[in-house]
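All remarks here apply to the structure that follows.
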Protein chains: 2
Amino acid sequence: MSQMLNVERQLREMILGLEIGPGERLTERWIESRFGASRTPVRAALLRLETEGLIGRDGRGWTVAPINLAELGQIAVYREAVEVAAVRLTTALEDRSGVEVIAAMLDSCDSETPREEWHRVGMDFHIELARLSGNEFLLRAVRDAMTRLSRARWLEVRDETALGRAWAEHHAILAAVRAGDADEATRLLSAHIAGSRDRLVTSLHDDRRGLRARGFAVVAA
Amino acid sequence: MSQMLNVERQLREMILGLEIGPGERLTERWIESRFGASRTPVRAALLRLETEGLIGRDGRGWTVAPINLAELGQIAVYREAVEVAAVRLTTALEDRSGVEVIAAMLDSCDSETPREEWHRVGMDFHIELARLSGNEFLLRAVRDAMTRLSRARWLEVRDETALGRAWAEHHAILAAVRAGDADEATRLLSAHIAGSRDRLVTSLHDDRRGLRARGFAVVAA
DNA sequence: GATACCGATTTGGTATACCAAGATGGTATT
DNA sequence: AATACCATCTTGGTATACCAAATCGGTATC
């Protein structure tokens with residue numbers, strides 16, 4: 001059986017879905033029996049997830065990466081650099097029709113849409129926006145950053161107004177890109193990322209006791 | 001024996017040192033016998049080198065990544081985004097004394113220094129400059145970009161004046177950072193990266209027949 | 001002579017056996 | 001009762017055996 005991809009995918013989903021908590025120890029034998037694969041594909045999956053930053057080595061042994069508030073700040077800086085560069089490339093394109101596809105994706109969310117879907121679309125917005133640039137490295141950087149952020153975003157205590165605000169900011173960014181206004185687009189994007197980071201870090205910092213009570217390792221900023 | 005790290009390091013060095021040519025096929029069994037390791041550490045090394053972009057899958061099987069001129073252009077854009085962000089962070093620091101360490105590193109090269117060393121120092125300049133920012137993600141991005149560029153830079157037909165020009169540009173960037181002049185530093189850095197890219201792509205494009213004659217796979221822009 | 005077909009070999013994917021180092025727990029000694 | 005020490009178990013690192021698919025040659029047929 002082609003277990004390798006399955007083990008990697010399922011394990012990633014368990015980690016991102018917080019079914020395995022941040023800071024938890026992983027043993028190859030447990031994964032082996034949990035997914036019915038042997039150690040070889042398990043090792044391959046672990047090596048891949050390590051490069052994604054979702055797990056790390058704890059001396060000997062593997063550990064699910066903790067929630068690291070300092071890291072969240074650094075990722076925001078990284079994101080801003082690459083996302084702004086991607087948007088600048090995109091605004092310089094003649095054909096920016098890809099913007100409409102992303103707008104349609106945003107509009108697929110309404111009041112009936114479950115929170116989980118709002119989150120996913122919110123992340124995909126940034127990934128797809130980077131893809132429009134046509135630069136594989138900027139795209140990969142944004143995708144990696146989003147992967148590392150996704151658990152934290154899922155833990156964030158987010159009210160409806162915050163989701164709506166992000167949605168509006170996403171649309172505003174698209175409007176500026178559509179108009180070819182690079183400066184406005186990057187200004188809006190930078191502000192969006194900074195605001196997003198502030199709300200995320202604040203929310204997790206305020207709730208860090210609750211997170212630790214759930215058995216999640218949280219590293220302070 | 002701790003073969004895993006050795007296999008990975010030695011194989012990386014063979015690829016970066018062009019002892020294994022771009023486009024060449026790799027078999028796990030060959031690596032196994034070449035380095036006296038078994039397939040498990042070989043697999044680990046291959047998986048890691050794949051994420052570094054030095055090797056890729058060719059259907060079934062592994063292939064050393066070809067020299068890709070279009071990719072070199074994309075990397076330059078990526079580099080500029082992350083290196084400029086790093087330099088902006090660094091100029092905003094109160095303590096920029098790390099700049100002097102990098103300056104000393106540059107000055108360790110003189111007319112007696114072999115070409116190979118000039119190349120290494122030229123790459124380390126960018127890595128160490130990114131490290132000063134204190135942002136792990138920007139540092140990793142620059143290090144990854146440099147790794148992907150290093151084979152191409154080694155193939156570049158470079159005269160002495162080009163090496164000296166890069167050295168002078170590096171010093172000029174450091175001077176701007178030392179003075180805390182972020183705009184000047186980023187302007188110089190952007191120009192340096194763009195010029196470096198142009199010379200690199202032009203050189204490889206002009207010599208692509210020679211490269212192919214050496215058995216190297218070259219993908220056009 | 002070209003081509004279609006079939007078997008042998010190669011090769012990556014997987015499973016598993018073995019090993020050494022570290023963790024664990026229990027016992028004996030003080 | 002506390003602690004030092006030793007046997008045992010766990011666990012990641014490594015080596016190897018087995019499998020299926022793809023590739024490569026060769027032969028036979030048209």
Side-chain angles (χ1 to χ4, degrees), chain A residues 1-16 19-66 68 212 215-217 219, chain B residues 1-16 18-66 68 215-217 219:
Chain A
M1 246 185 298
S2 172
Q3 299 282 19
M4 195 179 73
L5 292 177
N6 275 330
V7 172
E8 182 184 342
R9 188 174 46 75
Q10 293 183 69
L11 191 56
R12 185 188 295 108
E13 280 174 9
M14 286 189 73
I15 292 171
L16 293 181
E19 298 172 54
I20 312 177
E24 209 163 311
R25 265 191 90 99
L26 288 173
T27 70
E28 299 186 352
R29 258 85 175 193
W30 178 83
I31 301 168
E32 189 181 349
S33 67
R34 175 67 177 73
F35 298 109
S38 77
R39 288 183 67 199
T40 310
V42 168
R43 293 293 297 275
L46 288 170
L47 288 169
R48 288 242 164 76
L49 294 175
E50 184 188 21
T51 68
E52 293 182 32
L54 297 183
I55 64 176
R57 298 196 112 91
D58 174 39
R60 203 168 100 134
W62 302 91
T63 306
V64 177
N68 187 328
R212 292 210 176 98
F216 296 165
V219 176
Chain B
M1 246 183 300
S2 172
Q3 298 283 19
M4 194 177 75
L5 293 176
N6 274 332
V7 172
E8 182 184 341
R9 188 174 45 76
Q10 292 183 70
L11 190 55
R12 184 188 295 108
E13 279 174 10
M14 285 189 72
I15 293 171
L16 293 181
L18 297 166
E19 298 172 52
I20 313 177
E24 208 163 310
R25 265 191 89 100
L26 288 172
T27 70
E28 299 186 352
R29 258 83 174 193
W30 178 83
I31 301 168
E32 190 181 349
S33 67
R34 176 68 177 72
F35 298 108
S38 77
R39 288 183 67 200
T40 309
V42 168
R43 292 293 297 277
L46 289 170
L47 288 169
R48 287 245 164 72
L49 294 175
E50 184 189 22
T51 69
E52 292 182 32
L54 296 182
I55 64 175
R57 296 196 113 88
D58 174 38
R60 202 168 101 137
W62 302 91
T63 305
V64 177
N68 187 327
F216 296 164
V219 177

For A:Trp62, the option from A:Glu50, A:Glu28, A:Glu24 that meets side-chain hydrogen bond (donor to acceptor under 3.5 Å, both in side chains):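 The passing option is A:Glu28.
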Distance-only donor-acceptor test, B:Arg57 side-chain atoms vs C:dG12 base atoms, 3.5 Å: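 Per atom types, no contact qualifies.
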Residue pair A:Leu26 / A:Thr63, side-chain heavy-atom distance below 4.5 Å: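 With C-beta onward as the side chain, the pair stays apart.
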Check: A:Phe35 and A:Met14 side chains under 4.5 Å, non-hydrogen atoms: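 SC-SC contact between A:Met14 and A:Phe35 confirmed.
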Sugar-phosphate only, base, or nothing, as touched by A:Leu46 at under 4.0 Å among non-hydrogen atoms: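 Nothing, no heavy atom under 4.0 Å.
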Sugar-phosphate only, base, or nothing, as touched by A:Gly59 at under 4.0 Å among non-hydrogen atoms: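 Answer is nothing: A:Gly59 stays at 4.0 Å or more from every strand.
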Just the rounded figure in Å: distance from [atom2] of [N] to [atom1] of [X].
| X | N | atom1 | atom2 | answer |
| --- | --- | --- | --- | --- |
| A:Arg60 | C:dC19 | CZ | P | 16 Å |
| A:Arg29 | C:dA17 | CZ | C1' | 10 Å |
| A:Ile55 | D:dG12 | CD1 | C1' | 13 Å |
| A:Arg43 | C:dT16 | CZ | C1' | 14 Å |
| A:Arg39 | D:dG12 | CZ | P | 7 Å |
| A:Asn6 | C:dG13 | CG | C1' | 14 Å |
| B:Trp30 | C:dT9 | CH2 | P | 24 Å |
| B:Glu28 | D:dT16 | CD | P | 15 Å |

Short side-chain N/O contact from A:Ser38 to OP1 or OP2 of C:dA15, under 4.0 Å: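 Result: yes.
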Salt-bridge present (A:Arg12, A:Glu8; N to O < 4.0 Å):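 Counted as a salt bridge, because a side-chain N and a carboxylate O are separated by less than 4.0 Å.
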